[in-house]
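Please read the structure below before turning to the comments.
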Amino acid sequence: MAVDLVLGRQINGAYAGAAVLTAINADVRRTASVAGLALLASVASGTWNDNLGERDWAIRFATCVLICALALIAADANHRRSERLARTTALAQRMLDALAVELTGARTVKEVTDGFLGHAMGTLGATSAMVLSLDADGVLRTLSWHGRAGDGADHYQEVPVSSDLPGAVATRQRTDMHFRSLTEIVAAFPDLAGYYPSDRSLHLLPLHREDTTYGLLAITFPPDLFTPHEDGFLHSLAGALTSAMRRAVELQDQDGATQRTVLLAEASMSLSRSLDMDTTLAEVGRLLVPRFADWCSLQLLNDGRLETVALQHRDPATTEWARSLMGAFPTRMDAPHGAANVVRSGQSEIYPYIPSEVMEATAASAEHLALVRRLGLTSALIVPLTGRDGGVVGTLTLIHAESGRRYSDEDGAFLEAVADRVAVALDTAVTFEHQSERLAGVILVAEAAQRAILAPPPARVGPVALSARYLSAAREAQIGGDLYEVVRGPSSVRLLVGDVRGKGLSAVRTATVVLGEFRAAAANNGDVAHVAREIDRRIVPYLPDAEDFVTAILVDIESDGRFDVVSCGHPAPVLLSTSGDVDPVELDHSPPLGLGVDPVIGRGKLADGDRLLLFTDGLIEARTPTGAFVDSALFLPSVGQAEFHTALDGLLASLKQAAGHALDDDLALLLACYDPH
């Protein structure tokens, strides 16, 4: 304007330069204001140059109008570009912030892809998103899929790269493909007509680095949400996902090596602990799931058929559901792949990915095949279980599904080592089971012999009510060397409680001799000291060793309640009154039977209702978990006052509770109650 006014050179067409400068540095509104001022100044220029409306002024004014209009258009385009850049920058920042937190703790490819797609759906507003891995057989297989489009989606869980589907074409050409609407998608790929339920854009982004293609990211948005200007942003996201997946693969390999070492050591220890078949089978599943598999199946050969004996999934509810179907789909023994072929060949099968033809070949029926496909199995490992004779006795199968992990050759070598330990543990458990069955037969015979030797006493003999209990410390068989017997004498009731030195069948044999000699001697005249001397004399030839002996207590109860008692190296009986008093009977002890006895008789008298408890040393030598002796005297008052026929049960229960474990010694109890009425 200064040039125009001072020099008289009319240049009013250049006034629009102000609008151009404003458009470069400011928004549309300010550019319009400056453009308006420039046009007003251009009109004013025609006034002070006296050529308003003339041809020269009009040309310059038209030029000013045109340049101002172009400046406004440029300002609007610049504003839109700035908005897109700000939006893309904000989205990128939000996405990267979210992924930085999510992917820091991710250690598997599945965790990476799930976290990425979850944020793509939430942060970017995607309609659906999926990641597919490219396997060695040239097939794209689904790793993660958010926003599946119904049952029809099952057809696209596996996509051959050679096919004409959009993802296959993009992967094959290693080129990003963008379709802005459903119309564009169907026009390029007519087979997808009707697949998507609503209009959307589709973006196919190959995941590759240098010469290696790892898979494909397929993502859809509502139409017009992402413009061509933001395709570069999506391409960058695909690059970030590729890097995260490569890092996850490295972490998986490192974690897998560590887990294999730890698991093998744990398997060696834990599988050798149990001799029980069910416990061993449960331990196999606990070891391998979920650390090394999502599914674990153990099958054993039975009459030429594979029978599933253990099945474990990482989710307990899914495990129960799967176990309810175990008998519904028997293994096809003619299948060219899978467990049946492993049994025939004795060679392991490793499937880093599971081809459709393998599923079809091993499925028992069409229903079985549909069920297997719905489980989303990604990788499998099947190894033989080899018995001690070198023959295959079954198979151990591990499967990855929802974790998305893949098995490698290193995993195969590891599982074969585990399978060797499992086979040995199962063989040992089976052998133990058979031996246990044989031992059970022996136990039944031994228990029958024990019951015949130590038959329960009659409930009453003369004026004496009787109750007895026998508890053996021999867990394998309820037999031992403690003994008791009741015999009616010429004018009294005679009681015997004894303890044979030693355990097992030899102790039972000696106890049988002692009981027989007691019955014979007690039926004759003579006091209890005489009976003891007779037993001592008669059993010596039957003792297995010169140092063997039998401790015993003998009691003779008259009809008026008077009693005689002798001890041959045995604990004295205890007198229990109805008032709760506990009085050990005072005795002089002689040597045990078999070592030459000459006992001294001790005497006492029972009032109506008084009880006399005879016992072996298992009562007074019971120990607590800390090793201290249990004070059995604390439980004795209740024995004198409790219901007679259950009094000994209460004593045993109290003794076991105080000991906190099974008793370490045999225990014989004989309770006599003077009850003349």
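We find that R421 and E266 are not joined by a salt bridge, their nearest charged nitrogen and carboxylate oxygen being 4.0 Å or further apart. Salt bridge R373/E360: present, at least one basic N to carboxylate O contact under 4.0 Å. A salt bridge links R332 to D334: one of the charged nitrogens lies within less than 4.0 Å of a carboxylate oxygen.
Of the listed residues (L217, D176, T175), just one forms a side-chain contact (heavy atoms from CB on, under 4.5 Å) with P206, and that residue is D176.
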Please assess D224 against R200 for the test salt bridge (charged side-chain N to carboxylate O under 4.0 Å, His left out), listing each intermediate value before the final yes or no.
CA-CA 8 Å; D224 302 325; R200 65 191 62 198; over 6 Å; no

For side chain to side chain contact (heavy atoms under 4.5 Å, CB included), just list the numbers for I354 and V372, CA-CA rounded to whole Å, side-chain angles, deciding distance to a tenth of an Å, and then say yes or no.
CA-CA 11 Å; I354 305 178; V372 169; over 6 Å; no

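Distance alone, capped at 3.5 Å, places no donor-acceptor pair between the D199 side chain and the S181 backbone. In this structure, R323 contributes its side chain and T318 its backbone to no donor-acceptor pair below 3.5 Å. A donor-acceptor pair under 3.5 Å links the side-chain atoms of S379 to the main chain of Y407, judged by distance alone. Under a 3.5 Å cut-off, the side chain of K110 and the backbone N or O of S144 do not form any donor-acceptor pair. Judged purely by atom type and a 3.5 angstrom limit, E283 has no side-chain atom pairing as donor or acceptor with the backbone of T279. T258 places a side-chain N or O within donor-acceptor distance of the main-chain N or O of Q254, the cut-off being under 3.5 Å.
Remark: the R29 side chain and the T31 side chain contain no N/O donor-acceptor pair separated by less than 3.5 Å. Under the 3.5 Å distance criterion, with hydrogens and angles disregarded, no donor-acceptor pair is assigned to the side chains of S365 and E367. A side-chain N or O of Q299 and one of T331 form a donor-acceptor pair less than 3.5 Å apart. A side-chain donor-acceptor contact under 3.5 Å links T220 and S128. A donor-acceptor pair shorter than 3.5 Å can be found between the side chains of R209 and S243. The closest side-chain donor-acceptor pair between H313 and E320, if any, does not fall under 3.5 angstrom. Neither side chain, Q252 nor R247, offers a donor N or O lying under 3.5 Å from an acceptor on the other.
Closest heavy-atom contact between A168 and V161: CB-O, 3.5 Å. In terms of heavy atoms, D294 sits closest to V289 at O-CG1, 4.1 Å. Residues S133 and R406 come closest through the heavy atom pair OG-NH2, 2.9 Å. Shown here for L311 and S297, the closest heavy-atom pair between the two residues is CD1-CB, 3.8 Å. Listed here is the closest heavy atom pair of V358 and Y351: CG2-CE2, 3.8 Å. For D411 against L381, the heavy-atom pair with the smallest separation is O-CD2, 3.6 Å.
The 12-atom threshold is not exceeded at CZ of R30, counting heavy atoms of other residues, nucleotides or ligands nearer than 6.0 Å.
Contact check for Y214 versus T242: side-chain heavy atoms found under the 4.5 Å cut-off. Using a 4.5 Å cut-off on side-chain heavy atoms (C-beta onward), L204 and F179 make contact.
Classification of the F221-H203 ring pair by plane angle, with boundaries at 30° and 60°, yields perpendicular. Taking the six-membered ring for Trp and thresholds of 30 and 60 degrees, F233 and F226 have nearly parallel ring planes, at less than 30 degrees apart.
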